[in-house]
Amino acid sequence: MQQPNLEIMNFVEQQILPRYNAFGKSHGLSHVQRVIKNSLALTTVTGADVNMVYVIAAYHDLGMEGPRAIHHITSGKILTADARLKKWFSAEQIKIMKEAVEDHRASSSRAPRSIYGKIVAEADRDLDPNVVFSRAILFGIENYPEMNEEQMWKRFRDHMKEKYSRTGYLKLWIPGSPNAKNLETIRKTIDNEQELRKTFNDIYPQLIKEESGQ
């Protein structure tokens with residue numbers, strides 16, 4: 001797999017990635033590292049510029065510093081405003097990268113405007129079933145501490161159906177990506193609510209224990 005420019009990597013690892021430590025585990029450092037890894041893997045099948053792909057992935061969720069509902073827009077603004085990127089990229093490349101960051105959100109009603117948007121959108125859908133289920137439950141724990149276990153279950157179930165079910169809004173943009181197989185596994189679990197509840201019951205207590213530091 002082709003690697004990004006070493007100077008760009010050093011900059012991102014020292015100046016950009018540490019900002020993700022403020023976003024909690026569901027959108028934190030481990031998440032952006034997975035998105036970077038997934039994005040770089042997709043450059044092999046798309047022929048996209050590896051440096052652009054790397055930076056897009058690194059910046060894609062920086063907007064979580066503000067309101068989550070518009071984080072993709074904010075992330076694009078952060079990327080555009082970072083004059084340090086002009087050392088490595090042209091104005092046109094930065095525009096493409098900004099649009100890709102804006103287009104990564106799963107709930108977007110339109111297709112990404114470029115292959116770069118499709119790559120980060122696909123990479124952001126880290127569809128390893130355990131990761132998907134765990135992140136959704138963890139997001140609830142982090143953001144709705146007032147909810148009891150039954151309320152957490154209903155929030156998790158409704159989110160799974162709204163986003164990942166066969167009628168959900170999540171779309172895949174790159175044919176033949178590893179995500180398609182994983183998405184089918186997730187959908188089979190969602191299809192069987194008893195199995196989905198068992199999945200929740202297996203994961204939720206452990207995450208509660210970890211969050212409480214026990």
Side-chain angles (χ1 to χ4, degrees), residues 1-20 26-64 71-72 75-76 78-80 82 84-108 110-135 163-164 168-187:
M1 184 169 62
Q2 189 180 2
Q3 292 297 309
N5 175 296
L6 186 58
E7 189 179 20
I8 297 175
M9 288 183 68
N10 287 336
F11 161 70
V12 166
E13 289 177 2
Q14 294 172 19
Q15 302 295 326
I16 303 303
L17 298 189
R19 293 166 69 170
Y20 282 84
S26 63
H27 285 82
L29 188 59
S30 62
H31 169 64
V32 71
Q33 288 172 333
R34 282 196 302 272
V35 174
I36 288 172
K37 180 181 177 181
N38 293 343
S39 294
L40 292 178
L42 289 171
T43 62
T44 305
V45 297
T46 60
D49 182 286
V50 67
N51 294 320
M52 291 174 65
V53 166
Y54 177 71
V55 170
I56 291 163
Y59 280 70
H60 86 283
D61 266 352
L62 285 183
M64 293 295 289
H71 80 278
H72 52 306
S75 298
I78 292 171
L79 188 152
T80 302
D82 195 336
R84 296 170 294 184
L85 294 175
K86 294 179 181 178
K87 180 177 181 180
W88 302 291
F89 302 103
S90 69
E92 179 60 26
Q93 287 176 313
I94 289 173
K95 178 177 181 290
I96 293 169
M97 291 156 66
K98 167 185 175 287
E99 291 176 349
V101 167
E102 291 175 343
D103 291 347
H104 85 270
R105 197 169 184 204
S107 57
S108 176
R110 57 174 170 76
R113 286 165 279 187
S114 72
I115 187 61
Y116 294 95
K118 290 179 179 178
I119 287 171
V120 71
E122 188 84 1
D124 191 41
R125 290 135 183 69
D126 189 339
L127 296 183
D128 175 278
N130 188 61
V131 171
V132 167
F133 295 135
S134 296
R135 281 189 73 214
K163 183 172 182 178
Y164 296 100
Y169 63 76
L170 184 137
K171 297 180 178 64
L172 301 181
W173 302 112
I174 299 178
S177 78
N179 280 337
K181 183 177 180 181
N182 282 335
L183 182 57
E184 180 58 26
T185 299
I186 292 167
R187 284 174 171 169

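Computed from heavy atoms alone, side chains included, the values below leave out hydrogens, waters and symmetry copies. This is a predicted model, so every value here is computed, not measured.
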Which heavy atom of A48 sits nearest a heavy atom of V53, and at what distance?
-> CB-CG2, 3.8 Å

Apply salt bridge (charged side-chain N to carboxylate O under 4.0 Å, His left out) to R113 and list each qualifying residue two or more places apart in sequence or on a separate chain.
-> E99, E102, D103

Give the ring-plane orientation class for H71 versus H104, where under 30° counts as parallel, over 60° as perpendicular and anything between as tilted.
-> perpendicular

Is there a side-chain contact between V101 and V120 (heavy atoms, below 4.5 Å)?
-> no

Nearest 0.5 Å, what's the CG-CG distance between L127 and L172?
-> 6.0 Å

Any side-chain heavy-atom pair of L40 and P4 under 4.5 Å | yes

Please answer whether the main-chain N or O of R125 pairs with a side-chain N or O of N179 as donor and acceptor at a distance below 3.5 Å.
-> yes

Can you name the closest pair of heavy atoms from N38 and A123 and give their distance?
-> ND2-O, 3.2 Å

Which residue pairs pass the salt bridge (charged side-chain N to carboxylate O under 4.0 Å, His left out) test when at least one of the two sits in residues 5-14, sequence neighbours left out?
-> E7-K87

Quick note, salt bridge (charged side-chain N to carboxylate O under 4.0 Å, His left out) partners involving residues 39-50, not counting sequence neighbours, are none

Any side-chain heavy atom of R84 within less than 4.5 Å of one from I16?
-> yes

Can any side-chain N or O of Y20 pair as donor or acceptor with the backbone N or O of D61 at less than 3.5 Å?
-> yes

Is the backbone N or O of Q15 less than 3.5 Å from a side-chain atom of R19, with the two atoms forming a donor-acceptor pair by type?
-> no

Mind listing the closest non-hydrogen atom pair of I119 and L42 along with its distance?
-> O-CD1, 3.8 Å

Least distance between heavy atoms, S39 atom then A57 atom = OG-CB, 3.7 Å

G63 to S75 - nearest heavy-atom pair and separation | N-OG, 2.7 Å

For the atom pair CD1 (I78) and CG (L62), what is the distance rounded to the nearest 0.5 Å?
-> 5.0 Å

Does some side-chain heavy atom of V55 sit less than 4.5 Å from a side-chain heavy atom of W88?
-> no

